[in-house]
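I have placed the structure first, in the form of structure tokens, so that the comments after it can refer back to it.
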Amino acid sequence: MKAQTEQRTGLLYGFGAYGMWGLVPLFWPLLKPSGAIEILAHRMVWSLAVVGVALLAMRRWGWIRELLRRPRKLALTTLAASVISVNWGLYIWAVNNGAVVEASLGYFINPLVTIAIGVLVLGERLRRAQWAAVGIGVAAVLVLAIGYGRPPWISLVLAFSFAAYGLIKKKLNMGGVESLAAETALLFLPALGYLLWLGAQGRSTFALDDPGHSWLLAATGLVTAIPLICFGAAAIRVPLSTLGLLQYLAPVFQFGLGVVYFHEAMPPERWAGFSLVWVALALLTWDALRTARRSRARLAEAGASAATAATTTTAATAPATTASEAAVAVAAEVAGGAEVAGAVHGAPEPPPTVATPARGPA
């Protein structure tokens, strides 16, 4: 009963996190007349303030000394901060310039890009269904390029930047709050310097006559942190495969807002391109669920064999040991499969705890 309650709570947190990420296009237009770069700078500055308070409450500072002592890790953190700032900034610009639908496409195709990076960079081997999904995704991009009259560069930059960010985060292996604090700390001075320069030039929108606008800019820190906290709470309560499926809620909501609320054009060729992307994602999801189901079945079979062998006579000790080792091997395979499933669904890092949530969509 307790496990069911925990899972139900986790699902609510998951819906909350991805729901907020899906509805965030409604927030960025409220910050006009601020430009995308000014909004991004405020997001960096105020996000550091929010995570700083969180770290102060948790009294978790030891990671700072370790990070400073490891130049390679610090360099990777700097690279991650640069990549995610491109992702954030472009997403804000796209929403405030009438490209919500194209931005949502970036997060739809992100799992396909993640798979491609796994093959090209990490040398991973794909199953036939995954190859088929990647092929359909490439066809979708070509159809959309014809429809737009140009490559869907907003979608591609968002997808590749977020996938690259996930790859860097995988190598860093830092907790969500710690990594966000490190990244925003590295960008804090440039962001603050830019905001001070805008103020000196008389171009800052922070000190407008309307104090509500200043509060909205300051709220960018909460808009960044609250979904992350909900995501972290969900990640420890529901399976990674479920969390991967929930991730599709964000681009679905964004796509719906772009079409219904912002009234962006959807000519037939754009519908055709999106339909191909959705077919590819459905194929990926089916393949991931089928693989997970088979792995669980093998784990159960190996566990049953181990239990049977353990009840035999002393003369059967060696087979029992072999069966136990087989169970451990299959369990490791299932764990690996879960990690692959997370990558398929665009999860940027391993399942975090509530205190260390992972980054989600912009």
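For the single chain, residues carry numbers from 1 onward in sequence order.
Atom CG of residue Leu257 and atom NE2 of residue His263 lie 11.0 Å apart, to the nearest 0.5 angstrom. Residue Ser214 holds its OG atom at 8.0 Å from NE2 of His42, rounded to the nearest 0.5 Å. Expressed to the nearest 0.5 Å, how far CG of Leu55 lies from CG of Leu180 amounts to 9.0 Å. Atom CD1 of Ile109 sits about 7.0 Å away from atom CZ of Phe160, to the nearest 0.5 Å. Here Thr77 contributes atom OG1 and Leu67 contributes atom CG; the two are 4.5 Å apart, rounded to the nearest 0.5 Å. To the nearest 0.5 angstrom, Asn110 atom CG is 11.0 Å from Leu105 atom CG.
Cluster membership for Leu192 and Leu217, using ILVMFWY side-chain heavy atoms within less than 4.5 angstrom, is shared. Taking hydrophobic clusters as Ile, Leu, Val, Met, Phe, Trp and Tyr residues chained together by side-chain heavy-atom distances below 4.5 Å, Leu40 shares a cluster with Leu196. Linking ILVMFWY residues whenever their side-chain heavy atoms come closer than 4.5 Å, directly or via other members, leaves Val141 and Leu276 in distinct clusters. Under a hydrophobic clustering in which Ile, Leu, Val, Met, Phe, Trp and Tyr are joined whenever their side-chain heavy atoms come within less than 4.5 Å, directly or via other members, Leu222 and Phe231 fall into different clusters. Residue Leu249 is grouped with residue Phe27 when hydrophobic side chains (ILVMFWY) are merged at heavy-atom distances under 4.5 angstrom, including chains of intermediate members.
Within 6.0 Å of CH2 in Trp131 there are 12 or fewer heavy atoms belonging to other residues, nucleotides or ligands. For Lys32, the NZ atom is densely surrounded, since the number of other residues' heavy atoms within 6.0 Å is greater than 12. For Ile37, the CD1 atom is loosely surrounded, since the number of other residues' heavy atoms within 6.0 Å does not exceed 12.
You'll find the side chain of Pro29 reaches within 4.5 Å of the side chain of Val95, heavy atoms only. In this structure, Trp88 and Thr224 have side chains that are in contact, with non-hydrogen atoms separated by less than 4.5 Å. For the pair Leu195/Phe206, no side-chain contact is recorded, criterion being any heavy-atom separation below 4.5 Å from C-beta on. Counting heavy atoms from C-beta on, the side chains of Pro25 and Phe262 come closer than 4.5 Å. Using a 4.5 Å heavy-atom cutoff, the side chains of Glu269 and Leu144 are not in contact. Using a 4.5 Å heavy-atom threshold, the side chains of Arg72 and Leu76 count as touching. In this structure, the side chains of Arg290 and Asp287 come closer than 4.5 Å at one or more pairs of heavy atoms. No side-chain heavy atom of Phe15 sits under 4.5 Å from any side-chain heavy atom of Met20.
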*Go through Gln247 and Tyr107 one step at a time and tell me if the side chain to side chain contact (heavy atoms under 4.5 Å, CB included) criterion holds.*
CA-CA 9 Å; Gln247 181 187 321; Tyr107 294 106; 5.8 Å; no

*Kindly indicate, with the supporting measurements, whether the criterion side chain to side chain contact (heavy atoms under 4.5 Å, CB included) is fulfilled by Asn96 and Ile39.*
CA-CA 11 Å; Asn96 285 354; Ile39 296 172; 3.8 Å; yes

*Show your reasoning for whether side chain to side chain contact (heavy atoms under 4.5 Å, CB included) applies to Val279 and Leu283.*
CA-CA 6 Å; Val279 169; Leu283 186 58; 5.6 Å; no

*For Thr78 and Leu187, what are the C-alpha separation, side-chain angles and deciding distance, and is it a side chain to side chain contact (heavy atoms under 4.5 Å, CB included)?*
CA-CA 8 Å; Thr78 304; Leu187 296 170; over 6 Å; no

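With Asn97 contributing its side chain and Trp93 its backbone, the two residues share a donor-acceptor pair below 3.5 Å. Side-chain atoms of Glu264 come within 3.5 Å of backbone N or O of Val100 as a donor-acceptor pair. The backbone N or O of Ala219 lies less than 3.5 Å from no partner atom in the side chain of Trp46, so there is not a single donor-acceptor pair. Between the side chain of Ser47 and the main chain of Met44, no donor-acceptor pair closer than 3.5 Å is present. Remark: the backbone N or O of Leu158 is paired with a side-chain donor or acceptor of Asn87 at under 3.5 angstrom.
Across Gly106 and Ala159, no two heavy atoms sit closer than the pair O-CB, 3.3 Å. The two atoms that bring Leu284 and Pro111 nearest to each other are CD1-CB, 4.3 Å, heavy atoms only. Shown here for Pro151 and Ala145, the closest heavy-atom pair between the two residues is CA-CB, 3.9 Å. Shown here for Ile154 and Ala99, the closest heavy-atom pair between the two residues is CD1-CB, 3.8 Å. What you find for Ala164 and Ile117 is that their closest heavy atoms are N-CD1, 4.0 Å. Counting all heavy atoms, side chain and backbone alike, Leu246 lies closest to Gly14 at CD1-CA, 4.0 Å.
Ring-plane geometry between Phe274 and Phe255 is classed as tilted, the angle between the planes lying from 30 to 60 degrees on a 0 to 90 degree scale. By the 30° and 60° cut-offs, the orientation of the rings of Trp278 relative to Phe108 is perpendicular.
Aromatic rings of Phe253 and Tyr18 (six-membered ring for Trp) have centroids beyond the 6.0 Å cut-off, not under it. Taking the six-membered ring for Trp and the full ring otherwise, the centers of Tyr91 and Trp21 sit at least 6.0 Å from each other.
His213 and Ser34 share a side-chain donor-acceptor pair at under 3.5 Å.
Residues Glu38 and Arg43 are not paired through a salt bridge, judged by the lack of any N-O separation under 4.0 Å between the basic side chain and the carboxylate. Using a 4.0 Å cut-off between charged side-chain N and carboxylate O, Arg150 and Glu102 make a salt bridge.
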